[in-house]
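Below: the structure, in structure tokens.
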Amino acid sequence: MDLFGDMNLTGLASIIMFYLLILGVGMWAARKKSNVEGVSEEEETMLAGRNIGMFVGIFTMTATWVGGGYINGTAEIVYTDGLVWCQAPFGYALSLMLGGIFFANKMRTKGYVTMLDPLQDAYGSRMGGLLFLPALCGEVFWSAGILAALGATLAIILQMDLDTAVIGSALIAVFYTWIGGLYSVAYTDVVQLSCIFLGLWVCIPFAWTHPAVQDIEMSDWTVEWVGEIGGGWWNWHYADYFLLLTFGGIPWQVYFQRVLSSKSAATAELISYLAAFGCIIMAVPPVLIGGIAKATRWNETDYFLLYNKTLPIPKDDTRMILPMVLQYLTPSFVSFFGLGAVSAAVMSSADSSVLSASSMFARNVYKLIFRQGASETEIMWVMRVSIFAVGGMATYMALTIPTIYGLWALCSDLVYVILFPQLLMVVHFTEHCNTYGSLFAYCLGLVIRVSGGEKLMGLPPLVHFPGFAEPTPEEIEEAEDEGRRPFGTQLFPFRTMAMILSMISLVSISKLMVWLFKTNKLQKHHDIFKCIVNIPEDETQNEDELERLKPEPVTEQEEGETIGMTTNTDVKTYKSVEEVNGRVSINNGAELRKRKESLGKQVVGRQDSFIRPLEERPLTKEDLRRSFGSKQNSVDPENVTLEEKPVPTQRKVQPLRKGDRKESLKQIKQGIKEGVKEAKEVVKDLTEHLPDGHRGSIASVTERPRYKLLDKQTKQTEL
């Protein structure tokens, strides 16, 4: 006993058994491989071969948000502020619904691998790397926050060392994620979500019937349990947080990881809708536990009688109200089920966040910015190393940073303010935005959000927006003790304002820069991001060169060759030089062209012997006599001046500028993309009869699919 001290060995054994179960499922899932042909190793690990079906998809999509922070936070907010402030279940459910309506189908149809792919396609790899920062910080801080919550939970129930609990849980989640990728994450989500639901429901009847818990009826404490918004500016404050949860819950890689791993776009959309209902259902147990805690006379529990803790419960302890209910209001053997549920929730969130951050780094930062020619094997090893790195950072922060929840809150705000408008515009209105607008919107949203302050991480407000609530005397006293400025409360919805201004500036600055370049207010070499006119920075052209390359006008008396080159959608006409060796100088050019036309008609009827010399050697007077030998000809060959100047037998077209050539290649590439898109539509029509797992693979059409072959008689009948 000295080795373990006061640790609860029974609870420790149950936790070890639960962790071994999760590890076993993760290792079993790591052996699975996709049966879809043509899937790369990158997609196999990051997206489970795009082979997640309906059943597993619903569980893993629900686990996108139902984690340790979800169940602990829901119980805490019901206990402290009332049911009306419990916005997360409805906010996240709406985010899944809106994600399914506006994003899931489009993202899955285009075959992206991460959420940042469309952003980098539109803004370039470096701007995509900049947008990666708030996404990475959000995932890392979220993992760190829930690992810290798990350590505190185990410390309360098992009297276990916090560092040991956090490190052990992180190692298990990182290990099976490193081995199996999304397959392990998805299949362990099924087990973990089941444990959360069953474990909490087992504990609720015992906690509800505890002698210290009042009957739930319409009384004074029930009104407090429901809570109120407050009116006035508080209504705007309430709406600000609700919009943050709803729209800020969309641009997360943990969500799009599930979307892009689905077998088809229709499946991705459907499981988003079903997971929205799953979020609400999974919120019922923690809401009831928060209500039970609100109805409890804590002075009649072991919390006060045995451990002589402070009443009312301090603010720091209210974050652990769910494990406190399990510890003090249920028998010890029952609390282990709830402890397993909390541990499952934490691991369910931690593994997916670690994989999401690692996938984005390996593909969108390492490959697209630093090593464009990296092989798939190299990318996979970078991702595996990143899994350990991200898991290590999250674990370190969970153990050392006391304001980890404040960091996550700030990063989640940045995801809402910065990433949501960028992703929305890129997916639906990509023609209205470019890199200049993206960078300006990024900076504007960041400045407005940081200026509002963040109480949880000790960042005082730099700007007092309308409706600012001055700090209370208690807050002023606390600030003086800590040697900092008092915070107060920003009741103005400045987060939503920052998001809207970021979206408006994204479009307006993009349009402004396009107008400046199109009207030559800015020179082409000033396009440093090469996203509007696509001219290299060091390319300049003097006036003599521009005059030499200026196209000659086409008149009714001159025929020319029109060559379409996309220089800001202008079509330029270049004069063609005839395919003859030597230059003909003649006063009556129109009549000579008529003679040549009549000559061409004669060639169709008979193969004259003078034609081949015309093509293979310079013209002579004899050739012209044979061509215009008729007495009725108005042109005398003797009056024709010939310059016997050898010229290569190639059509001469005035040279194009380098920028025009690049624009032409860009237009050709766009044409090829459109052709491929049309081909995919044809393939899609031809593969409607195939199962979902094979519809997205062209290899299933071009190669023999893995189906039972029909006999020859049946084939002949169908043909």
Lys/Arg-Asp/Glu bridge criterion (N-O < 4.0 Å) met for Arg258, Asp189: yes

On a heavy-atom basis, which atom in Ser510 and which in Gly437 lie closest, and how many Å separate them? OG-CA, 3.4 Å

Over all atoms of both residues, closest heavy-atom pair of Arg495 and Val417: O-CG2, 3.6 Å

Heavy-atom closest pair (Ala374 atom, Ile379 atom, distance to 0.1 Å) is CB-CD1, 3.8 Å

The reported gap from CG in Leu244 to OG in Ser95 (rounded to nearest 0.5 angstrom) is 10.5 Å

Decide whether Tyr19 and Ser169 meet the rule of one side-chain donor and one side-chain acceptor closer than 3.5 Å. yes

Pairwise side-chain contact, Val427 with Phe102, heavy-atom cut-off 4.5 Å (strictly under): no

Step by step, work out the side-chain contact (heavy atoms from CB on, under 4.5 Å) result for Tyr416 and Leu245. CA-CA 8 Å; Tyr416 171 54; Leu245 293 171; over 6 Å; no

Got a sec: does the CE of Met17 have more than 12 other heavy atoms crowding it under 6.0 Å? no

Walk me through whether Phe429 and His432 qualify under side-chain contact (heavy atoms from CB on, under 4.5 Å). CA-CA 6 Å; Phe429 310 101; His432 298 295; 3.8 Å; yes

With a 3.5 Å cut-off and no angle check, do the side chains of Ser502 and Tyr442 form a donor-acceptor pair? no

Please name the pair of heavy atoms, one in Val254 and one in Ser352, separated by the smallest distance, quoted to 0.1 Å. CG1-O, 3.7 Å

Side chain of Thr267, backbone of Lys263: donor and acceptor closer than 3.5 Å? no

Nearest 0.5 Å, what's the CG-OH distance between Leu182 and Tyr187? 10.5 Å

To the nearest 0.5 Å, tell me how far Gln120 CD sits from Ile369 CD1. 6.0 Å

Rounded at 0.5 Å granularity, tell me how far OG in Ser143 sits from CE in Met393. 9.5 Å

Less than 4.0 angstrom from a charged side-chain N to a carboxylate O is my criterion; do Glu269 and Arg108 meet it? no

Any idea which heavy atoms bring Met46 and Gln257 closest together, and the distance? O-CG, 4.0 Å

When you compare the side chain of Tyr123 with that of Asn434, does any pair of heavy atoms fall below 4.5 Å? no

Heavy-atom neighbours of Arg126 CZ exceed 12 at 6.0 Å: no

Assess, by modelled atom type and distance only, whether the side chains of Tyr176 and Asp351 contain a donor and an acceptor separated by less than 3.5 Å. yes

Side-chain contact, heavy-atom cut-off 4.5 Å: Met27 with Ile179? yes

Side-chain heavy-atom pair Val66, Cys279 within 4.5 angstrom cut-off: yes

Report yes if some heavy atom in the side chain of Val113 is under 4.5 Å from a heavy atom in the side chain of Leu260; otherwise report no. no

Taking the six-membered ring for Trp, is the centroid-to-centroid distance between Trp142 and Trp252 below 6.0 Å? no

Nearest 0.5 angstrom please: Thr74 OG1 to Ile71 CD1, how far? 8.5 Å

Measure the shortest side-chain to side-chain distance between Val415 and Phe420 over non-hydrogen atoms and say whether it is less than 4.5 angstrom. no

Please tell me whether Phe440 and Tyr436 form a close aromatic pair, meaning their ring centres lie under 6.0 Å apart. no

Is the distance between the ring centroids of His526 and Phe517 under 6.0 Å? no

Check step by step if side-chain contact (heavy atoms from CB on, under 4.5 Å) holds for Glu454 and Asp413. CA-CA 10 Å; Glu454 179 53 58; Asp413 287 359; 4.1 Å; yes

Do Ser261 and Arg50 meet the criterion of a side-chain donor-acceptor pair at a distance under 3.5 Å? no

For Val56, does its backbone N or O pair with a side-chain atom of Thr60 as donor and acceptor, under 3.5 Å? no

Any donor-acceptor N or O pair under 3.5 Å, side chains Ser438, Gln422: yes

Test item: side-chain donor near acceptor, Ser359 and Ser356, under 3.5 Å: no

Shortest non-hydrogen contact from Val382 toward Phe361: CG1-CE2, 4.0 Å

Distance check, rounded to the nearest 0.5 Å: Phe132 atom CZ versus Met360 atom CE? 5.5 Å

Evaluation steps, side-chain contact (heavy atoms from CB on, under 4.5 Å), between Leu133 and Leu130: CA-CA 6 Å; Leu133 294 178; Leu130 190 62; 4.0 Å; yes

Member of Leu136, Leu423, Ile418 meeting the side-chain contact (heavy atoms from CB on, under 4.5 Å) criterion with Leu131: Ile418

Could you point out which residue of Met115, Met61, Met107 forms a side-chain contact (heavy atoms from CB on, under 4.5 Å) with Tyr255? Met61

Using side-chain heavy atoms (C-beta onward) and a distance below 4.5 Å, is Phe388 in contact with Ser358? no

Any donor and acceptor pair, going by atom type alone, linking the side chain of Tyr183 with main-chain N or O of Gly26 inside 3.5 Å? no

Worked verdict on Arg363 versus Asp117 for salt bridge (charged side-chain N to carboxylate O under 4.0 Å, His left out): CA-CA 9 Å; Arg363 175 177 174 81; Asp117 284 352; 3.0 Å; yes

Could you walk me through whether Thr246 and Tyr92 pass side chain to side chain donor-acceptor pair (under 3.5 Å), step by step? CA-CA 6 Å; Thr246 301; Tyr92 286 144; over 6 Å; no

Flag, side chain of Asn364 to backbone of Leu368, donor-acceptor distance under 3.5 Å: no

Is it the case that the side chain of Ser451 and the backbone of Ile448 share a donor-acceptor pair, with hydrogens and angles ignored and the cut-off at 3.5 Å? yes

